[in-house]
S.K.: 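First the structure, then my questions, so here it is.
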Protein chains: 2
Amino acid sequence: MTLSAKSALTMDANQEDRAKAIRDALRDAIVDRRLAPGTKLSEAEVGTLFDVSRTVVRYALQMLAFEGLVHSERNRGAFVSNPTPEDARQVFASRRLIEAGIVAEAARRLTKADVEAFRRHLEEEDRYKASRGPDARRAEIKASGDFHIMLARVAGNAVLEKFMDELVARSSLVIALYGRSGVSSCGHDDHALILEALQSGDVERATEMMLHHIGHIEADLDLRTGESLTLREALNL
Amino acid sequence: MTLSAKSALTMDANQEDRAKAIRDALRDAIVDRRLAPGTKLSEAEVGTLFDVSRTVVRYALQMLAFEGLVHSERNRGAFVSNPTPEDARQVFASRRLIEAGIVAEAARRLTKADVEAFRRHLEEEDRYKASRGPDARRAEIKASGDFHIMLARVAGNAVLEKFMDELVARSSLVIALYGRSGVSSCGHDDHALILEALQSGDVERATEMMLHHIGHIEADLDLRTGESLTLREALNL
DNA sequence: AAATAGGCTAGTGTATGCAATCTGGCTGCA
DNA sequence: TGCAGCCAGATTGCATACACTAGCCTATTT
């Protein structure tokens with residue numbers, strides 16, 4: 001995949017803080033899998049595409065490096081992260097822990113308005129799932145992650161919300177690398193089941209559903225550790 | 001507290017990546033409470049102190065902003081964060097969740113070498129606790145946080161370790177702002193009790209101890225939400 | 001022919017200059 | 001006296017210029 005693949009992206013109108021705009025555009029491209037793991041993000045090239053100087057690009061890349069979406073090597077440049085299977089396991093282990101806590105708190109705080117928002121979101125997810133074509137796939141991936149981020153927001157803890165932003169984005173990278181069946185694994189209508197349990201106030205069941213759901217996603221990954229593992233690390237990360 | 005208070009800091013020898021060295025120096029100063037919440041971190045001033053250009057300083061400040069230790073306002077500059085009581089609660093709620101998971105995993109992985117390292121660390125903590133003077137207080141604060149970071153490292157999950165780095169640092173800020181009795185709250189020898197439970201392989205008890213410990217720290221805070229709350233927010237954050 | 005040394009080029013790291021923005025005080029007017 | 005508007009100094013945001021490093025290509029030597 002070449003870098004120009006993201007030229008389709010329009011920078012958000014928000015004229016102020018262009019670094020953030022570029023970061024968001026790049027993150028979307030990475031999460032949407034328009035930028036493959038390992039792709040080099042040249043400062044000059046990105047700068048040209050967005051019509052800003054390297055200074056601003058470097059800021060954006062540093063932010064992405066913090067989120068773990070980009071790997072930065074001194075004097076060599078920045079690359080879309082290429083997580084190892086071990087990284088993948090750690091990301092999902094973290095999600096099990098944190099999302100269990102989020103579900104518990106979200107169950108306590110869930111309002112009718114939240115439920116309504118979730119319903120609309122699930123409908124949107126279903127629409128994308130029913131559609132064909134790469135654009136629908138990308139939208140489905142994004143919407144699927146957004147469900148988890150919405151849940152984090154409902155839980156009302158900004159710290160955990162930030163952590164989840166990072167974990168969801170990194171999960172998408174991991175799935176891009178190691179996923180077998182693509183995104184449809186996030187199907188099973190797990191999200192609907194979680195919402196249902198949350199609505200009924202059954203925290204225990206909601207938690208269990210969430211852990212199952214994460215298990216489903218992880219089960220779809222092919223994380224066998226062949227000798228290609230170290231090779232992959234050596235080559236790119 | 002004036003910014004020059006950190007001039008006592010020596011930048012780490014590591015010539016490469018000076019931005020990281022500056023970040024670490026500033027973080028230590030913030031966590032040690034040599035830099036009070038709200039202190040302005042002027043790019044030019046920091047640059048002069050460390051003998052680098054503003055470019056490098058900006059990178060360091062951006063990193064600290066990501067960790068939540070610094071609050072950056074467009075066209076106004078960077079300030080040491082001034083967490084609200086609500087921020088404080090969220091930090092501790094996150095710690096309860098994440099450290100419970102860390103304890104469980106650490107219990108499974110704890111080696112004899114780890115235990116030995118913990119013992120040495122506890123002795124060090126005790127030495128600082130017994131000593132007088134502001135330097136010993138600072139060392140005690142840092143060592144107290146390091147215990148939790150060591151634990152995260154033993155758990156072997158790099159993601160959670162990074163989260164804990166951030167949470168421990170932010171906790172120190174919170175304690176600086178809202179702590180009643182200073183650091184000694186982290187006394188109670190809670191750490192020793194946690195280690196003991198871990199050694200005996202009693203995960204449940206270790207988890208309980210950890211939650212109690214975090215409860216102790218949080219109980220020492222004065223988080224009453226007077227009208228000063230919004231005032232504080234308005235003034236500084 | 002293979003291996004190594006040396007320079008060449010592309011690209012990153014850092015410093016600096018300029019424009020834009022904010023702060024604080026001053027002046028003029030009501 | 002109080003307030004609004006404006007000007008000056010200071011500080012940040014961004015772009016550009018220069019310095020340095022890594023990786024590649026070539027040429028020379030064994």
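Chain identifiers are assigned alphabetically (A, B, ...) following the order of the sequence lines, protein sequences preceding nucleic acid strands; residue numbering begins at 1 within each chain.
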S.K.: Side-chain N or O of R76(B) versus OP1/OP2 of dT11(D): is the shortest distance under 4.0 Å?
M.R.: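 No.
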S.K.: Return the nearest nucleotide to the side chain of R54(A); candidates are dT12(D), dT21(D), dA17(D).
M.R.: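 So the nucleotide nearest the side chain must be dA17(D).
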S.K.: Please tell me if K40(B) has a side-chain N or O lying less than 4.0 Å from either OP1 or OP2 of dC22(C).
M.R.: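 For dC22(C), OP1/OP2 do not have a side-chain N/O of K40(B) under 4.0 Å.
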S.K.: Rounded to the Å, how far apart are Y59(A) OH and dT12(C) C1'?
M.R.: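 So the OH-C1' distance, Y59(A) to dT12(C), works out to 16 Å.
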S.K.: Starting at CZ of R18(A) and ending at C1' of dA20(C), how long is that distance when rounded to a whole Å?
M.R.: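 Value for this atom pair: 12 Å.
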S.K.: In whole Å, what is the span from the CD atom of E45(A) to the C1' atom of dT12(C)?
M.R.: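 It works out to 15 Å between those atoms.
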S.K.: Looking only at the side chain of T55(A) (C-beta and beyond, no hydrogens), which of the listed nucleotides dG13(C), dA15(C), dA15(D) gets closest?
M.R.: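 Between dG13(C), dA15(C), dA15(D), the one nearest the side chain of T55(A) would be dA15(D).
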S.K.: Strictly below 4.0 Å, N to O, side chains only: are E124(B) and R120(B) in salt-bridge contact?
M.R.: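 R120(B) and E124(B): not salt-bridged.
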S.K.: Rounding to a whole Å, what distance do you find between D17(B):CG and dC20(D):C1'?
M.R.: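 The distance from CG of D17(B) to C1' of dC20(D) comes to 15 Å, rounded to the nearest Å.
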S.K.: Roughly, in whole Å, what's the span from CZ in R58(B) to P in dA15(C)?
M.R.: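 The distance from CZ of R58(B) to P of dA15(C) comes to 14 Å, rounded to the nearest Å.
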S.K.: Do the non-hydrogen side-chain atoms of I22(B) and L61(B) ever get within less than 4.5 Å of each other?
M.R.: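 No. Closest side-chain heavy atoms not under 4.5 Å.
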S.K.: Quick check for you: among dA15(C), dT21(D), dC22(C), whose closest atom lies nearest to any side-chain atom of V52(B)?
M.R.: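 It is dA15(C).
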S.K.: Side chain of S53(B) only, heavy atoms from C-beta on: which candidate in dG13(D), dT14(C), dT12(C) is closest?
M.R.: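 Comparing dG13(D), dT14(C), dT12(C) against the side chain of S53(B), the answer is dT14(C).
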S.K.: Measure CZ/F79(A) against P/dG11(C) and give the value in whole Å, please.
M.R.: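 Spelled out: CZ on F79(A) to P on dG11(C) is 11 Å.
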S.K.: Within this structure, what is the CG-to-C1' distance between D51(B) and dA15(C), rounded to whole angstrom?
M.R.: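 Rounding to the nearest Å, CG of D51(B) and C1' of dA15(C) are 12 Å apart.
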S.K.: Suppose we call two aromatic rings close when their centres sit under 6.0 Å apart. Are H191(B) and F147(B) close by that rule?
M.R.: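 Between F147(B) and H191(B), which both carry aromatic rings, the centre distance is below 6.0 Å.
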S.K.: Indicate yes or no: does K162(A) engage E166(A) in a salt bridge with an N to O separation below 4.0 Å.
M.R.: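 Result for this pair is no, no salt bridge flagged.
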S.K.: What nucleotide, of dT14(C), dG23(D), dT12(D), holds the atom closest to the side chain of N75(B)?
M.R.: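 The answer is dT12(D).
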S.K.: Determine: side-chain N/O of R74(A) to OP1/OP2 of dT14(C), distance under 4.0 Å, yes or no.
M.R.: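 True: R74(A) side-chain N/O within range (under 4.0 Å) of dT14(C) OP1/OP2.
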S.K.: Rounded to whole angstrom units, what separation is found between the CD atom of E73(B) and the P atom of dT11(D)?
M.R.: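 After rounding, the reported distance stands at 16 Å.
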S.K.: Any salt bridge between D222(A) and R224(A), counting N to O under 4.0 Å?
M.R.: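 Salt bridge present between D222(A) and R224(A).
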